[in-house]
Amino acid sequence: MEERYYLALERIMKITSEETVQEPYRSYFQHVAYFLLRIHDVRDSYHTMIRERMPLEKLEAEMQMLYYDVLPQNYGSSYANPAYAVKVLGEKLGAFLSALYAELRGDIAYVYEERDEYVLVGNELFIEIYNKFEEGIPTLDSLKEVFYWYASDYCDVLAADRIREQVDPDACDFAVKKIMESKTGDLRYLYRFGEYISENEKKTAEYLESLPQQVIDKMADTYTEGFRIGFINAGKDLSKKSVVNIRYVLGFERVLKKAIDNFEKMGLRPTIYRAAASVITRSRQGKNGFYGAQVNKQYDYDHKDDLGLILDKQFVERKLEVMRTVFEQNREQAGRFAGPAVMEVFGEKPFVPVSKPEAIHLTKEQEKLLLNLNSRAGQLTNEYIKGEERSFTIISWPVPEIGPCYPEIFQEIIRINTLDAKRYEEVQQILIDALDKGEFVHILGRDGNKTDLRVKLYGLEDAEKETIFENCVADVNIPVGEVFTSPMLEGTEGTLFVSSVYLNELQYENLEIHFKEGMTTEYTCTNFASEEENKKYIDDNIL
C-alpha cells in the first residue's frame with residue numbers, strides 16, 4: 001500500500017504542471033491535485049516534533065487552508081459548489097466533478113485519523129478520472145461507471161469500518177485518545193481532530209475551562225446517569241452490555257473526560273466515531289457521530305444527494321451484504337452494544353438552504369431505493385443490536401453563537417438539565433391519569449395557528465390498572481422528559497401547522513401537513529416562491 005501511495009502521489013504532482021487535458025478541465029484537475037498535495041503535507045508532518053509544538057496560530061492557518069474552498073466567502077467560486085462547477089465545466093460534467101471533489105475532501109478527516117488506505121483509494125480514483133480526460137472529453141456515463149466501481153469495491157472497507165467503529169472500542173479509539181489527552185489551558189488539541197473549528201467550539205471549550213470541577217462533574221453525571229436510569233426504567237439489563245456510543249460536537253471534551261470515566265465505572269467502554277465524510281456512508285440528513293463546526297451548511301446541503309451517482313439495486317444489495325457480513329463477524333460485540341449517548345447543541349444562526357438545480361438530485365426511483373435500503377438496514381441492525389435490549393440518552397447544550405447572554409443561558413440550562421426527575425414524574429403521572437380516560441386528543445391552534453388535529457387513542461379496558469402513555473423522565477430525554485403514546489392511525493386526522501421550526505438543522509416556514517387515517521395527504525411550506533419547490537423541500541428532507 002505504501003508503494004501504491006507514493007506512486008499515486010508522484011502522478012498527482014505531475015498533474016499540477018501537465019497540459020495533457022484541455023481547458024477548462026485542466027484548471028479543475030490542477031486545483032484538486034494541489035488540494036491532495038496539501039493533504040500529503042499534513043500526513044508528512046503528522047508525527048514530527050515540529051507539529052507537536054506548532055502554535056495555535058499556525059494550526060488555525062493550516063485549518064483555514066484546508067477548508068478555504070468551502071468557506072462561505074469563497075464558496076461562490078469553488079469547484080465544490082455545483083452551481084459554479086456547472087457554470088465553468090459545463091452542464092453535463094460540472095455536477096459530477098463537483099461531487100468528485102466533495103468526495104476527495106473527506107481526506108481531511110482521513111489524514112488526521114491516519115487512514116492511509118482511504119486517502120490512497122481516493123487518490124487513485126482521482127487519477128483514473130483524470131486519465132479519462134487525457135483521452136478527450138469523456139461521457140458522463142463513463143465517469144459515473146468509474147465512480148460506481150470505486151464505491152462498490154470499497155464499500156467493504158468504508159461501510160464495514162463504520163459498523164466496527166460503532167460496536168468495537170478498539171476499532172475506534174482516535175477521538176477517545178484525543179479527548180483524554182486534551183489539557184486544560186491548551187486549546188491546540190481541538191485542531192488535532194481534523195475538523196473545522198469555529199468560534200463556537202473554541203469559546204465553548206474556554207467557557208467549560210472556566211467552570212469549577214464540581215459543575216463539570218454535575219453535567220457529566222446527569223448525562224451518564226440518564227443513560228443508566230434509562231435501562232432501569234425500561235427493565236433492561238445493563239450488565240449484559242459493555243459498549244456505549246458517544247456522539248457530540250467538539251468543545252465539550254472536559255465534560256466528556258468525566259463522562260467516559262463514569263461510563264467505565266458502569267462497565268461501558270466508549271466508541272466515538274466521526275460523522276461520515278464519504279458518499280458511501282454519510283447520512284442524507286444531519287450528521288451522525290462527532291464533528292466540529294459545519295463550515296458551510298449550504299455545501300453540505302448541495303452534496304446531500306451525491307449518492308445519486310451510484311444508487312441502484314445492485315449497490316443496495318452490495319451494501320446490505322457488507323453490513324450482514326460485518327455484523328456476523330462482530331456478532332458478540334454487537335450484542336454487547338448498549339446504545340448511543342448523544343450530546344447535542346443549539347443556538348446556532350438559522351440556516352435556510354438554497355435548492356440548486358445544478359446539484360445532483362435523486363430520481364423518484366432512487367428515492368424508493370434509498371427508503372428500501374434504510375428500512376432493510378434498520379431491520380438488519382436490529383437483528384444484531386436488539387432494540388428491546390438497548391437504550392439511549394440525549395442532552396442538549398447552548399453554543400456561544402446563541403448571543404451575548406450565553407453564560408447566563410448556559411447556567412440556566414445546567415439548572416434545567418439537572419431538575420429533580422422524581423418530582424416531574426409525579427406531575428406527568430397526573431397528565432397520564434387524565435389522558436388514559438380519553439378516546440382522542442384534540443390539538444387546536446390559537447392566535448393564528450391553523451393546527452386542528454384529532455389523534456385517536458388506543459382504547460383501555462380498565463384505565464385504573466392500564467396505561468397507554470409512557471412517563472418518560474430525565475433519563476433518555478433530558479431535561480425531565482415527556483409524556484407520549486403511539487396513536488391509532490385509523491381515526492387520526494386533521495392539520496398540523498407550525499409557523500417556524502428547525503428539523504435536522506433546516507428551517508421550515510409555515511409548515512403545514514394534512515393527515516387522513518394517520519397518513520400524510522397534503523403538505524406545504526412557504527420557504528420558496530413556487531409550490532413545487534416547497535413540496536420537494538418537504539419531500540426530500542422530512543418525508
Side-chain angles (χ1 to χ4, degrees), residues 159 161-176 179 219-234 236-253 255-276 281-291 323 326-327 330 333-346 374 377-397 417 470 472-479 481-482 503-505:
D161 284 352
R162 173 83 346 178
I163 293 172
R164 294 188 192 98
E165 290 165 3
Q166 181 181 1
V167 301
D168 183 0
D170 293 323
C172 185
D173 62 356
F174 168 81
V176 175
I179 291 167
M219 291 171 64
D221 293 349
T222 300
Y223 172 60
T224 57
E225 274 298 284
F227 189 82
R228 187 184 69 84
I229 294 168
F231 273 84
I232 294 171
N233 289 349
K236 299 175 181 180
D237 188 356
L238 183 58
S239 68
K240 294 180 179 179
K241 305 298 180 180
S242 63
V243 179
V244 59
N245 172 226
I246 293 175
R247 304 174 190 173
Y248 85 109
V249 180
L250 297 186
F252 289 86
E253 288 70 28
V255 177
L256 285 177
K257 267 189 174 182
K258 172 64 176 173
I260 289 170
D261 184 52
N262 287 353
F263 279 130
E264 288 186 344
K265 288 174 182 174
M266 298 179 200
L268 301 174
R269 291 179 64 199
T271 58
I272 311 178
Y273 54 77
R274 188 189 303 270
T281 50
R282 70 172 177 258
S283 170
R284 196 182 183 201
Q285 282 102 17
K287 289 181 177 285
N288 183 359
F290 84 82
Y291 56 96
M323 287 184 66
V326 178
F327 267 127
N330 295 270
Q333 280 291 113
R336 294 202 295 266
F337 181 73
V342 184
M343 192 175 285
E344 295 182 335
V345 297
F346 64 92
N374 290 339
Q379 294 173 50
L380 181 59
T381 300
N382 206 54
E383 280 185 41
Y384 295 90
I385 305 174
K386 299 186 184 302
E388 64 272 18
E389 294 179 1
R390 68 176 185 263
S391 188
F392 67 95
T393 196
I394 299 177
I395 193 168
S396 295
W397 302 103
N417 279 347
E470 178 80 13
C472 174
V473 289
D475 42 42
V476 295
N477 284 320
I478 301 170
E482 60 189 343
L503 301 170
N504 287 324
E505 299 185 358

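The analysis underlying the following values was restricted to heavy atoms, covering all of them including side chains, and did not include hydrogens, waters or symmetry mates.
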Apply side chain to side chain contact (heavy atoms under 4.5 Å, CB included) to the pair Phe337 and Glu389, showing each step before the final yes or no.
CA-CA 9 Å; Phe337 181 73; Glu389 294 179 1; over 6 Å; no
Could you list the residues that satisfy salt bridge (charged side-chain N to carboxylate O under 4.0 Å, His left out) with Asp173, not counting sequence neighbours?
Lys177
So Ile385 and Phe327, do their side chains get closer than 4.5 Å, heavy atoms only?
yes
Heavy atoms, side chains only, cut-off 4.5 Å: are Leu256 and Phe290 in contact?
no
Please test Arg274 against Glu165 for salt bridge (charged side-chain N to carboxylate O under 4.0 Å, His left out), starting from the C-alpha separation and ending with a verdict.
CA-CA 9 Å; Arg274 188 189 303 270; Glu165 290 165 3; over 6 Å; no
I want to check something: taking the side chain as every heavy atom from C-beta on, are Ile272 and Tyr248 in contact at a cut-off of under 4.5 Å?
yes
Using modelled atom types and a 3.5 Å cut-off, is there a donor and acceptor pairing between side-chain atoms of Glu253 and backbone atoms of Gly251?
yes
Heavy-atom distance under 4.5 Å between the side chains of Met219 and Asn417, does that happen here?
no
So, does Lys241 use its side chain to make a donor-acceptor pair with the main chain of Gly335 at under 3.5 Å?
yes
Shortest non-hydrogen contact from Gly230 toward Val476:
CA-CG1, 4.2 Å
For Pro340 and Ser391, which heavy atoms make the closest approach, and how far apart are they?
CD-O, 3.5 Å
Within the structure provided, determine whether Trp397 and Val255 are in side-chain contact (heavy-atom separation under 4.5 Å).
no
As an exercise, state the distance from CG of Asn288 to CG of Asn245, rounded to the nearest 0.5 Å.
7.5 Å
Atom of Ala259, atom of Ala220 and distance for their closest heavy-atom approach:
N-CB, 3.8 Å
Smallest separation among heavy atoms of Val167 and Ala334, with atom names
CG1-CA, 4.0 Å
Tightest non-hydrogen contact, residues Ala276 and Thr281, listed as CB-OG1, 3.3 Å
Quick one: are Val249 and Tyr291 in side-chain contact, heavy atoms under 4.5 Å?
yes
How long is the span from the CE atom in Met266 to the OG1 atom in Thr224, to the nearest 0.5 Å?
4.0 Å
Report yes or no: does Asn262 contribute a side-chain atom to a donor-acceptor pair with the main-chain N or O of Glu225 at less than 3.5 Å?
no
Is a donor from one side chain sitting under 3.5 angstrom from an acceptor on the other, for Arg390 and Asn382?
yes
First locate atom CD1 of Ile179, then atom CZ of Phe252, and finally report the distance between them rounded to the nearest 0.5 Å.
12.5 Å
Do you know which two heavy atoms are closest between Phe231 and Ala338, and how far apart they sit?
CZ-O, 3.3 Å
With heavy-atom distances below 4.5 Å as the criterion, would you say the side chains of Val176 and Ile246 are in contact?
no
To the nearest 0.5 Å, atom CD of Glu264 lies from atom CZ of Arg269 at 7.5 Å
Suppose we screen for salt bridge (charged side-chain N to carboxylate O under 4.0 Å, His left out). Which residues come up paired with Asp237, at least two apart in sequence or across chains?
none
Would a distance-only check, ignoring hydrogens and angles, find a side-chain to backbone donor-acceptor pair under 3.5 Å from Thr271 to Gln166?
yes
Backbone N/O of Asn330 and side chain of Tyr384: donor-acceptor pair under 3.5 Å:
no
On the 0 to 90° scale, with breaks at 30° and 60°, tag the Tyr223-Phe263 ring pair as parallel, tilted or perpendicular.
perpendicular
Working to the nearest 0.5 Å, report the span between CE of Met323 and CG of Leu380.
5.0 Å
In Å and rounded to the nearest 0.5 Å, what is the NZ to CZ distance from Lys287 to Arg282?
8.5 Å
Are any of the side-chain heavy atoms of Phe392 and Val342 separated by less than 4.5 Å?
no
Please determine if Lys265 and Asp261 form a salt bridge, counting it only when a charged side-chain N lies under 4.0 Å from a carboxylate O.
yes
